[in-house]
Every structure is written in structure tokens, then in C-alpha cells.
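Here's the structure, in C-alpha cells; my notes come after.
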Amino acid sequence: MRYDLVIFDNDGVLVDSEPISNTILAQYLSELGHPTTYEDSLRDYMGAAVHRVHDLVRERSGQELPADFDETLHQRVFSAFERELTPVAGAEDVLGKLTAEGVSYCVASSGSHERIRVGHRKTGLDQWFEEEWIFSSEDVGKGKPAPDLFLHAAERMGVSPDRCAVVEDSPLGVQAAQAAGMDVYAYTAMTSSERLAGANAYFFDMGQLLELLR
């Protein structure tokens, strides 16, 4: 393995949450008078922390979202996770092989700690992550595309950025990894390689990842 640490994004990379969460986000924004399609949500918000939703709505409409927007959105998303969420196909196998090979890994997500834990618990991925291997945009001042989250994760895991590989599926995540000076491997199951420009390599099947990292 060429790397000392593999940093995984969570939504869409470990748990198959993007279709669920973006459907709900688009519906909720539309309810509030900000017409948004599922495709709009994927384009504008996939891989982002929730503050980006507030920022873009304010920028485009001059209006503020309700004070309870985050809480209501999270409740709707978590309820749907409990009903529908599954792990990304092949993700658990990758984690098992990294563990067997003694390669360190962690998760660095734009989602909240609660969102990460709900998703991992529902899908059974919680067995693969110690508490200290989980990092959220809540831990830093800026979410992706800023490099802060990935740099924070590397520092806490005791690994230099140039020895880290990031696994991402969103343009914002790819940009953040690049800004952090890390190699980035783009998972294209939901996002085209064109939108993930600049990654070191692209893969459609999680079973391809380990060979790319060698």
C-alpha cells in the first residue's frame, strides 16, 4: 500500500445515503418556496455541510431559511435512514481488507457526528470504526471544499498529508482533498468523472479501490 492513511468520505462512499438525503432536501426546500429538483440538490449540495444550503438560498433569494430548518431536515433524513439506508456495495469488504493489511483508515464527512453514527449503526459499519476515527465538519471551522477537515483528520491520525489517500464522490470533496495536498480517488457511481476532474484516479466499483491504492 502506497499510503499510511485512507480517508473516506461517508455519504455516497460508505453509506448509500445521497439518493435519500437529496430527495428529502429537494422536497423540503420546495415546500419552503425555493423550488429545487433532485438533480439541483445533487449539483449544489452533494458533499457539502448544511451551512452551504443556507448560504446558497440566501445568495439566490435574499431570504433566510427557518430557524428550525436544520433540525427538521435532520429528523426527516434520519427517519428515512432508519427505513431505507444500506451500505455502499463493497464498502465493508474494503474496510475488512484494510484492517487485515494493517492500513489505517478513518472517515471525514461534511455530515454531523450524529448523522455519521446513525448511518453507521443502521448499516452495521459501526463495527469498523473506533470513535477516534470519525471526523465531521462540525470539528472544524470550514467544510469542504476547504481543506480543513481533511487536514484535521490527518493530524489527529498522526499522518502527513502527503501520505494520505482520500476517497470521495463529490466535486467539493475532490477540491478539498486537492487543497489539502492529498491524493484523491473519485468514486463515480453517482457523479461523472467530468464533474470530479482532477482526481488521481476514477473507479465505479468499490472492489477496484484497493488495487488503485497499491
Exercise. What are the two closest heavy atoms between Leu172 and Ala48, and how far apart are they?
Worked result: CD1-CB, 3.5 Å

For this session: Provide the full list of salt bridge (charged side-chain N to carboxylate O under 4.0 Å, His left out) pairs with a residue in residues 152-168, sequence neighbours left out, each pair given once.
Result: Asp4-Arg163, Lys144-Glu168

Exercise. How far apart are the C-alpha atoms of Ser41 and Asn22, what are their side-chain angles, what is the distance that settles it, and do they pass the side-chain hydrogen bond (donor to acceptor under 3.5 Å, both in side chains) test?
Worked result: CA-CA 6 Å; Ser41 185; Asn22 282 282; 2.6 Å; yes

Problem set entry | side-chain contact (heavy atoms from CB on, under 4.5 Å) between Thr99 and Trp128, intermediate numbers included | CA-CA 9 Å; Thr99 300; Trp128 296 103; 3.8 Å; yes

Problem set entry | Qualifying residues under salt bridge (Lys or Arg N to Asp or Glu O under 4.0 Å), relative to Asp70, sequence neighbours excluded | none

Exercise. Any side-chain heavy atom of Leu42 sitting closer than 4.5 Å to one from Met190?
Worked result: yes

Exercise. Which ring pair (Phe, Tyr, Trp, His ring centres under 6.0 Å) pairs, counting each pair once, include a residue from residues 84-113, with sequence neighbours left out?
Worked result: Tyr105-Phe129, Tyr105-Trp133

Exercise. Do Phe8 and Leu5 belong together in a cluster built from hydrophobic side chains that touch within less than 4.5 Å?
Worked result: yes

Problem set entry | Sidechain N-carboxylate O distance under 4.0 Å for Arg76, Glu31 | yes

Problem set entry | Any donor-acceptor N/O pair, Ser30 side chain to Thr36 backbone, under 3.5 Å | yes

For this session: State, with a plain yes or no, whether a side-chain heavy atom of Tyr45 is found less than 4.5 Å away from one of Leu56.
Result: yes

Exercise. Going by heavy atoms in the side chains, are Asp9 and Val167 under 4.5 Å from each other?
Worked result: no

For this session: Evaluate the side-chain proximity of Leu125 to Val107: yes if any heavy-atom separation is below 4.5 Å, no if none is.
Result: no

Seminar exercise, completed: Those residues at least two apart in sequence (or on a different chain) that pass side-chain hydrogen bond (donor to acceptor under 3.5 Å, both in side chains) with Glu211 are Arg214

Exercise. Are Met157 and Phe135 side-chain neighbours, meaning at least one heavy-atom pair lies under 4.5 Å?
Worked result: yes

For this session: Would you confirm whether the ring centroid of Phe203 sits within less than 6.0 angstrom of the ring centroid of Tyr187?
Result: yes

Seminar exercise, completed: Nearest heavy-atom approach of Pro161 to Leu151 is CG-CD2, 3.8 Å

Exercise. Is Asp55 salt-bridged to Arg58, cutoff N-O under 4.0 Å?
Worked result: yes

Problem set entry | Least distance between heavy atoms, Gly198 atom then Val184 atom | O-CG1, 4.4 Å

Problem set entry | Candidate pair Val6 and Leu213, rule side-chain contact (heavy atoms from CB on, under 4.5 Å), full reasoning | CA-CA 9 Å; Val6 181; Leu213 297 176; 4.0 Å; yes

Exercise. If you count the non-hydrogen atoms of other residues, nucleotides and ligands that lie under 6.0 Å from OH in Tyr38, is the total more than 12?
Worked result: yes

For this session: Answer yes or no: is there a donor N or O on one side and an acceptor on the other, between the side chain of Thr188 and the main chain of Ser193, under 3.5 Å?
Result: no

Exercise. Does the side chain of Pro66 reach to within under 4.5 Å of the side chain of Leu32, using non-hydrogen atoms?
Worked result: yes

Exercise. Who passes ring pair (Phe, Tyr, Trp, His ring centres under 6.0 Å) against Phe81, sequence neighbours left out?
Worked result: none

Problem set entry | Under 3.5 Å donor-acceptor, Glu101 side chain and Leu98 backbone | no

For this session: Would you mind checking if Arg52 and Asp44 are paired as a salt bridge, meaning a charged N to carboxylate O distance below 4.0 Å?
Result: no

Exercise. For the atom pair CG (Leu212) and CZ (Arg2), what is the distance rounded to the nearest 0.5 Å?
Worked result: 8.5 Å

Exercise. Got a donor-acceptor contact below 3.5 angstrom from the Ser137 side chain to the Ser110 backbone?
Worked result: yes

For this session: Check the hydrophobic clustering (I, L, V, M, F, W, Y; side-chain heavy atoms under 4.5 Å; chains of links allowed) and say if Leu196 and Phe204 are grouped together.
Result: no

Problem set entry | Nearest-0.5 Å distance, CD1 of residue Ile24 to CD of residue Gln75 | 12.0 Å

Problem set entry | With Phe78 via ring pair (Phe, Tyr, Trp, His ring centres under 6.0 Å) - residues at least two apart | His74

Exercise. What's the spacing between Phe150 CZ and Cys106 SG if we round to 0.5 Å?
Worked result: 9.0 Å

Exercise. Could you give the distance from OG1 (Thr23) to CD (Glu84), rounded to the nearest 0.5 Å?
Worked result: 8.5 Å

Exercise. Are the side chains of Val103 and Tyr3 in touch, meaning some heavy atoms are under 4.5 Å apart?
Worked result: no

Exercise. When hydrophobic residues are tied together by side-chain contacts of less than 4.5 Å, even through go-betweens, does Ile116 share a cluster with Met46?
Worked result: no

Exercise. Which pair of heavy atoms, one from Arg195 and one from Pro171, lies closest together, and at what distance?
Worked result: O-CG, 3.4 Å

Exercise. Rounded to the nearest 0.5 Å, how far apart are OG of Ser17 and CZ of Arg115?
Worked result: 5.0 Å

Problem set entry | Nearest heavy atoms of His152 and Asp139, plus distance in Å | NE2-CB, 3.7 Å

Problem set entry | Minimal non-hydrogen separation, Ala186 against Ala199, with atom names | CB-CB, 3.7 Å

For this session: Kindly determine whether Val88 and Val15 satisfy side-chain contact (heavy atoms from CB on, under 4.5 Å), including the steps that lead there.
Result: CA-CA 5 Å; Val88 166; Val15 296; 5.6 Å; no

Problem set entry | Between CG on residue Leu149 and CD1 on residue Ile7, distance to nearest 0.5 Å | 8.0 Å

Exercise. Is there a side-chain contact between Ser170 and Thr191 (heavy atoms, below 4.5 Å)?
Worked result: no

Exercise. Stepwise, does the side-chain contact (heavy atoms from CB on, under 4.5 Å) test hold for Glu92 with Leu14?
Worked result: CA-CA 8 Å; Glu92 191 162 7; Leu14 295 176; over 6 Å; no

